[in-house]
Amino acid sequence: MIIRLTPAYLRALEQAASIAVRQAATLPALEAVRVEYLGRRGKITTALQTLPHLPLEERRGLGRQANEVKRRIEALLIERRRSLPTSDRPIDRSLPVGRPERGHLHPLTLFSRRVMEIWRSFGYDVYEGPELEEAKTNFDDLNVPPDHPARDVQDTFFIQDHPELVLRTHTSTVQIRWPKSYGVKPPFKVVEIGKVYRHEATDATHESMFFQCDGVLVDRQVTMAHLVTTLKAFMDRLYPGKPSRIRPSFFPFVEPGIELDLWWKQPSKPGQWLEILGAGLVHPNVVRSMGLKPNQWQGFAFGMGLDRLAMLEYGIPDIRLFYSGNLEFLQQF
Ligand code: DAH
């Protein structure tokens with residue numbers, strides 16, 4: 001088609017194009033409008049191609065006008081494209097919307113709460129002590145002497161310029177803090193679940209930060225029978241039907257000390273005894289640290305790592321996954 005390019009023709013073209021854009025109800029229809037006006041053989045493109053044949057004095061003004069019209073039509077196309085549904089399938093507004101994704105508790109939190117609920121049901125108070133702890137409470141008050149290897153810089157995070165402070169290496173500190181910082185008078189029984197820190201090389205079963213649960217009971221004439229019965233009742237609630245055994249052991253803060261092992265057997269794998277917790281009758285020196293007289297009050301105490309138990313529970317092969325912030329891992333729970 002031979003056209004005569006005039007300002008009026010360009011205005012008419014722009015008007016027709018903007019109406020066509022507005023009327024295009026689907027993306028394919030809009031694309032057809034684009035091709036009709038701006039495609040290689042489109043009306044605007046063809047009009048621009050006639051420019052070189054025009055007298056010089058008309059050429060400049062019309063050229064600018066034609067380019068502006070082109071830009072405005074392009075802008076209209078872009079705007080319209082945004083407002084159209086991406087599929088030409090009609091939208092069914094009565095369909096239920098997808099459920100928004102919800103967060104959930106960390107596997108260690110889930111497991112800790114289970115452990116906590118069992119102790120609570122046994123009548124234990126729950127305490128939350130400081131992670132930045134006095135070296136005295138973490139060690140001395142618990143009958144851990146100054147030359148004990150657990151204090152070694154290899155194991156303990158000390159605080160620079162504050163030799164009196166450490167990141168607590170165990171939650172056994174609850175034995176001192178509950179009666180001393182809170183002024184709680186015996187008889188009492190209390191558990192604490194929280195983070196502890198040890199300066200260790202990390203691997204699949206060791207992290208420098210992990211979770212422990214410690215508990216202590218103080219009363220008159222507490223014996224090993226009370227302790228063993230309590231621990232067995234706890235294990236029966238946590239892992240019903242799994243056999244457990246008690247072995248003699250040593251911890252500075254108890255005398256005598258024991259460890260409890262659990263028989264862990266998975267289908268088609270050989271079973272094994274797993275060390276679950278340490279415990280014992282509170283050492284007389286620790287009873288004194290509590291501000292109590294050992295000839296009047298006795299107690300038992302126990303402590304366990306929660307990460308390893310949670311790993312067994314959920315079949316997690318590497319402790320570092322707990323603290324990796326890896327969403328693919330966390331979303332499985
Ligand atoms: N604190 C010990 C540890 O971190 C565990 C422990 C052993 C706690 C015996 C106790 C206990 O209360 O009586 O390995």
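All values below were derived from every heavy atom in this structure, side-chain atoms included, with hydrogens, water molecules and symmetry-related copies excluded. In listed order, ligands and their atoms are each counted from 1.
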Could you go through ligand 1 and note, for every N or O atom, any protein N or O atom closer than 3.5 angstrom, writing the atom names and distance to 0.1 Å, or 'none'?
residue, atom, partner, partner atom, Å
ligand 1, 1 (N), H170, ND1, 3.2
ligand 1, 1 (N), S172, OG, 2.9
ligand 1, 4 (O), R198, NH2, 2.8
ligand 1, 4 (O), Q212, NE2, 2.9
ligand 1, 12 (O), Q175, NE2, 3.3
ligand 1, 12 (O), D214, OD2, 3.1
ligand 1, 12 (O), F302, N, 3.3
ligand 1, 12 (O), F302, O, 3.3
ligand 1, 13 (O), A301, O, 3.2

N/O donor-acceptor pairs under 3.5 Å from side chains in residues 266-282, not counting sequence neighbours:
none

Aromatic ring centroids of F210 and Y197 under 6.0 Å?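 Ring centres of Y197 and F210 not closer than 6.0 Å.
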Quiz item: cation-pi between R220 and W297, 6.0 Å / 45°: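 Flagged: R220 positioned over aromatic ring of W297.
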For the pair D125 and K189, find out whether any cationic side-chain nitrogen is under 4.0 Å from an anionic carboxylate oxygen.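 No, no charged N to carboxylate O under 4.0 Å.
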For H199, all residues meeting ring pair (Phe, Tyr, Trp, His ring centres under 6.0 Å), sequence neighbours excluded: F157
Using the test side chain to side chain contact (heavy atoms under 4.5 Å, CB included), find all partners of A233 that sit at least two apart in sequence or belong to another chain.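 For A233, the residues satisfying side chain to side chain contact (heavy atoms under 4.5 Å, CB included) (neighbours in sequence not counted) are F122.
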